A.B. asks: 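Have a look at this one.
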Amino acid sequence: MPLNIYNSNSRKKEVFESITPGHVGMYVCGPTVSGESHLGHARPYITFDIVYRYLTHKKYKVRYVRNITDAGHFEEEGREAEDKVAKKAQVEKMEPMELVQKYTNLFHWAMKQFNCIEPSIEPTATGHIVEQIGMIEDIISKGYAYEVNGSVYFDVKKYAATHDYGKLSGRIIDELLDSSNRDSTTRDLEGQQEKKDPADFALWKAAPPEHIMRWRSPWGEGFPGWHIECSAMATKYLGAQFDIHGGGMDLLFPHHESEIAQSTICNHAAPVKYWMHNNMITINGRKMGKSYNNVIKLTELFSGSHDLLSQAFHPMTVRFFILQSHYRSTLDFSNDSLMSSEKAFKRLWEAYEVLKKLSFEENESPKDIELDTKINSWLNEFEEFMDDDFGSPRVIANMFELAPIINSLKDGLIANDAISSKTLAYLKERFTTFLENIFGLKSVDESNNELLAPVMQLLLDIRKEAKSKKDFATSDKIRNQLVEMGIVIKDEKDGNTSWGVE
RNA sequence: GGUCCUUUGGCCGAGUGGCUUAGGCAAAGCUCUGCAAAAGCUUCUACAGCGGUUCGAAUCCGCUAGGGACCUCCA
């Protein structure tokens, strides 16, 4: 079965065929490093990490470009038009670039915690001013942009006359252009009057004197518009047309719509073959926002230092939590649901650890053909589900179907010869491939301490001796005190004892 | 106000015109066990409401109600 991807542009699932056979160009809108990353940021980067990993699994050579927006142009609730980098820098008495560096580092740290693979190229907006100016000049020369007072605007009305502006985001162009149609939510922003039409968007903005971030341009000192950044970098590294462009649904309009317009004029072709958008994370049913006081930063999530959290959550728990829902569904976050994911992940991972250690004699013919068939069928569905627009929740559901079987094989509740050794090998391979390589999950257990392991072995030996002499006072003392230290031990059916750090 | 999306059992969450209304968490019972934990088995059963299409709909259409996202343009 070929890979099917839901294309936001056509609003349906399409068979994925890369423009250049064997290669995939993928661009994902990266973070704006004017502040700390929060839970909402985790979703797109984990989602597209899975896409990246899965395409790689499908033997594609992927060039994954994810930008860093480090120049001042941001969207923000309150819709106050201000350069957050510049403003915050003044408040904090920092250089803008110092601030940018700090939050870039924090972002990279968080990505590492999540076990996200680094993109192939991570370009910065400030590093591509030249390309952006070049692109703007091109758009002006083609007659789709105009300069006013040192700012340059894209002429949406002219573009819309011959192109399908609004298709991606489902806007109706006449309504966008009909200014009388606007209600009170339309912002009365500075610079609005100088535009030919309210629907026009800025490609370049003249910088007022107090603006710290500024670059020279043919139109005077200023800074680039938000949308041109992605168009310029995507074109530079992936070409005029590339396969996948990803990002959050909130970027559909105006950001991605504008990207299409800009690139279409410059390159004479729609830039992207497959548009992918992840849905948003809500918190207790509400969108994240400062006014709700429910923005949870990643550092707070990992440390548990937030009013909405009862405990710290491991990055792998968060990753698993995100994978348990489909990327195009809204995902409601709550302390309870994360706690439930934490337990679920632990259970699944322990079954996986058990699986890795399972081994038995070669046998060609399974005694329980029905079970053997069922297992193979569940395993085959892993790839089938992922091929259907990255159905990670269904893959995980199948893994949970298999977990009791794995545990039963270990405990002898299911005889080893019930399934063939070929099936067991397949089981192991599929789990490793999907759990580790594709889902990017890894153990949360930090007990691989070279010093601790032999000490634990000693304690467990002593406890075993005590138990054999029915000296339960001693054996319970060891167990109970270890629990207090955060180490849990379990007496297994086979007489051995396992342990782990909670 | 406009556009679009969404509504599944105590909670979280898949899914599809009829095979079985996934799976996880929680809860209850049982098995195993020195006890505990873990594990295994079992139970609880939902598809917002009202119409319609259909042999048949939670899945398609319409209406109603709740929820959500976006509605921009440079700071």
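Excluded from the calculations below are hydrogen atoms, water molecules and symmetry mates; all remaining heavy atoms, backbone and side chain alike, are included. Residue numbers start from 1 in every chain, and the chains themselves are labelled A, B, ... in the order their sequence lines are given, proteins ahead of strands. Keep in mind that what you see is a predicted model, and the values were worked out from it rather than measured.
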A.B. asks: Using atom P of each nucleotide, how far apart are B:U20 and B:C12 to the nearest Å?
C.D. replies: 28 Å

A.B. asks: Applying salt bridge (Lys or Arg N to Asp or Glu O under 4.0 Å) as the test, list every pair that has at least one member in residues 130-140 of chain A; sequence neighbours left out.
C.D. replies: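 Listed once each, the pairs are A:Glu131-A:Lys236, A:Asp138-A:Lys142.
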
A.B. asks: Take atom C1' in B:C63 and the same atom in B:U21, then report the distance between them in whole Å.
C.D. replies: 25 Å

A.B. asks: Would you mind telling me which of B:C71, B:U16, B:C12 lies closest to the side-chain atoms of A:Ser337?
C.D. replies: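 Selected nucleotide (nearest to the side chain): B:C12.
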
A.B. asks: Counting side-chain heavy atoms from CB outward, which of B:G23, B:C70, B:C4 is closest to A:Phe253?
C.D. replies: B:C70

A.B. asks: For RNA chain B, find the residues of residues 321-331 of chain A with a heavy-atom distance under 4.0 Å and give them by number; none if there aren't any.
C.D. replies: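 Here the set is A:Gln324, A:Ser325, A:His326, A:Ser329, A:Leu331.
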
A.B. asks: Given the P atoms of B:G13 and B:G52, what is the spacing between them in whole Å?
C.D. replies: 33 Å

A.B. asks: Grab the CG-P distance between A:Asn278 and B:C5 for me, whole Å please.
C.D. replies: 18 Å

A.B. asks: Using a heavy-atom cut-off of 4.0 Å across all strands, would you classify A:Pro393 as base, sugar-phosphate, or nothing?
C.D. replies: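 Base contact - A:Pro393 has a heavy atom under 4.0 Å of at least one base atom.
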
A.B. asks: Starting from P on B:G23, measure out to CZ on A:Phe434 and report it in whole angstrom.
C.D. replies: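 That distance rounds to 20 Å.
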
A.B. asks: Between B:C74, B:A37, B:C41, which one does the side chain of A:Lys490 approach most closely?
C.D. replies: B:A37

A.B. asks: Over how many whole Å does the gap from A:Ile283 atom CD1 to B:C12 atom C1' extend?
C.D. replies: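 Result: 15 Å.
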
A.B. asks: Given atom CG of A:Asn279 and atom C1' of B:G13, what is their separation to the nearest angstrom?
C.D. replies: 14 Å

A.B. asks: With P as the reference atom in both, quote the distance from B:A46 to B:G2 in angstrom, rounded to an integer.
C.D. replies: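 Per the computed distance, 37 Å lies between those P atoms.
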
A.B. asks: Just compare B:G40, B:A22, B:G34 and give me whichever is closest to any side-chain atom of A:Leu413.
C.D. replies: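 Of all the options, the side chain of A:Leu413 is nearest to B:G40.
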
A.B. asks: Take the protein atom CZ of A:Phe382 and the nucleotide atom P of B:G23, then report the distance between them rounded to whole Å.
C.D. replies: 14 Å

A.B. asks: Quick one: A:Asp491 CG to B:G40 C1', roughly how many Å, whole number?
C.D. replies: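 One finds 17 Å between C1' of B:G40 and CG of A:Asp491, rounded.
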
A.B. asks: Is A:Lys157 salt-bridged to A:Asp197, cutoff N-O under 4.0 Å?
C.D. replies: yes

A.B. asks: Tell me, what's RNA chain B's dot-bracket, Watson-Crick or G-U with both distances under 3.5 Å, | for other-strand, [ ] crossing?
C.D. replies: (((((((..(((.....[....))).(((((.......)))))....(((((..]....))))))))))))....

A.B. asks: Need one value for A:Glu350: base, sugar-phosphate or nothing, where a base atom within 4.0 Å counts as base even if backbone is also close, heavy atoms only.
C.D. replies: nothing

A.B. asks: Could you say whether A:Lys346 or A:Arg394 is positioned toward the 5' end of RNA chain B, judged by the nucleotide with the nearest heavy atom to each?
C.D. replies: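 Taking each residue's closest nucleotide, the earlier one in sequence belongs to A:Arg394.
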
A.B. asks: Expressed in whole Å, how much space separates the C1' atoms belonging to B:U6 and B:G49?
C.D. replies: 16 Å

A.B. asks: According to the interplanar angle, ranging from 0 to 90°, do the rings of A:Phe201 and A:Tyr165 count as parallel (below 30°), tilted (30 to 60°) or perpendicular (above 60°)?
C.D. replies: parallel

A.B. asks: Give every residue pair that meets the salt bridge (Lys or Arg N to Asp or Glu O under 4.0 Å) criterion with at least one member in residues 323-336 of chain A, sequence neighbours excluded.
C.D. replies: A:Arg328-A:Asp389

A.B. asks: For the residue pair A:Phe434 and A:Phe382, does the interplanar ring angle fall in the parallel (under 30°), tilted (30 to 60°) or perpendicular (over 60°) class?
C.D. replies: perpendicular

A.B. asks: Is the base of B:G34 touched by the side chain of A:Asp476 through a donor-acceptor pair closer than 3.5 angstrom?
C.D. replies: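 When only heavy-atom distances are counted, A:Asp476 does reach the base of B:G34 through a donor-acceptor pair under 3.5 Å.
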
A.B. asks: Going by ring pair (Phe, Tyr, Trp, His ring centres under 6.0 Å), name the residues that satisfy it together with A:His41, two or more places apart in sequence or in a different chain.
C.D. replies: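 In terms of ring pair (Phe, Tyr, Trp, His ring centres under 6.0 Å), with neighbours along the sequence ignored, A:His41 is linked to A:His38.
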
A.B. asks: Could you go through nucleotides 25-29 of chain B and list every protein N or O atom that sits under 3.5 Å from one of its N or O atoms, giving the distance for each pair?
C.D. replies:
from  : atom 1 : to       : atom 2 : distance (Å)
B:C25 : O4'    : A:Ser340 : OG     : 3.3
B:A26 : OP1    : A:Lys343 : NZ     : 2.9

A.B. asks: I'd like to check the side chain to side chain donor-acceptor pair (under 3.5 Å) partners of A:Lys374; sequence neighbours left out, ordered by chain and number.
C.D. replies: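 Counting only residues at least two positions away or on another chain, A:Lys374 forms no side chain to side chain donor-acceptor pair (under 3.5 Å).
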
A.B. asks: What integer number of Å spans the C1' atoms of B:G56 and B:C71?
C.D. replies: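 To the nearest whole Å, 42 Å.
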
A.B. asks: List for me each residue that meets ring pair (Phe, Tyr, Trp, His ring centres under 6.0 Å) alongside A:Tyr327, sequence neighbours excluded, and say none if there are none.
C.D. replies: none

A.B. asks: What's the closest nucleotide to the A:Tyr153 side chain, out of B:C35, B:C12, B:C74?
C.D. replies: B:C74

A.B. asks: Spell out, as yes or no, whether a donor-acceptor pair under 3.5 Å connects the side chain of A:Asn9 to the backbone of A:Trp275.
C.D. replies: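 Here the side-chain-to-backbone pair does not exist.
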
A.B. asks: Taking only residues two or more places apart in sequence or in another chain, which ones pass salt bridge (Lys or Arg N to Asp or Glu O under 4.0 Å) with A:Lys490?
C.D. replies: A:Glu350

A.B. asks: Using the test ring pair (Phe, Tyr, Trp, His ring centres under 6.0 Å), find all partners of A:Tyr144 that sit at least two apart in sequence or belong to another chain.
C.D. replies: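 For A:Tyr144 there are no ring pair (Phe, Tyr, Trp, His ring centres under 6.0 Å) partners, ignoring immediate neighbours.
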
A.B. asks: Once you round it to whole Å, what is the distance between C1' of B:A39 and OH of A:Tyr352?
C.D. replies: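 These atoms are roughly 20 Å apart.
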
A.B. asks: For A:Glu353, which residues count as a side-chain contact (heavy atoms from CB on, under 4.5 Å) partner, sequence neighbours excluded?
C.D. replies: A:Trp349, A:Lys356, A:Ser443

A.B. asks: Would you say the side-chain atoms of A:Thr32 pair up with the backbone N or O of A:Ser34, donor to acceptor, closer than 3.5 Å?
C.D. replies: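 Such a contact is absent between A:Thr32 side chain and A:Ser34 backbone.
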
A.B. asks: Starting at CE of A:Met213 and ending at P of B:C74, how long is that distance when rounded to a whole Å?
C.D. replies: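 Taking CE of A:Met213 and P of B:C74, I get 19 Å after rounding.
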
A.B. asks: For B:A37 and B:C4, measure between their C1' atoms and round to the nearest Å.
C.D. replies: 50 Å

A.B. asks: Not counting sequence neighbours, which residues clear ring pair (Phe, Tyr, Trp, His ring centres under 6.0 Å) with A:His128? List them please.
C.D. replies: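 Partners of A:His128 under the ring pair (Phe, Tyr, Trp, His ring centres under 6.0 Å) test: A:Tyr237.
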
A.B. asks: Between A:Ala397 and A:Pro254, who's closer to the 5' end of RNA chain B by nearest nucleotide?
C.D. replies: A:Ala397

A.B. asks: Between B:U72, B:G13, B:A39, spot the one nearest the side chain of A:Asn407, thanks.
C.D. replies: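 Closest of the options to the side chain of A:Asn407: B:A39.
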
A.B. asks: If the P atom of B:U53 is compared with that of B:G62, how far apart are they to the nearest Å?
C.D. replies: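 Roughly 15 Å separates the two P atoms.
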
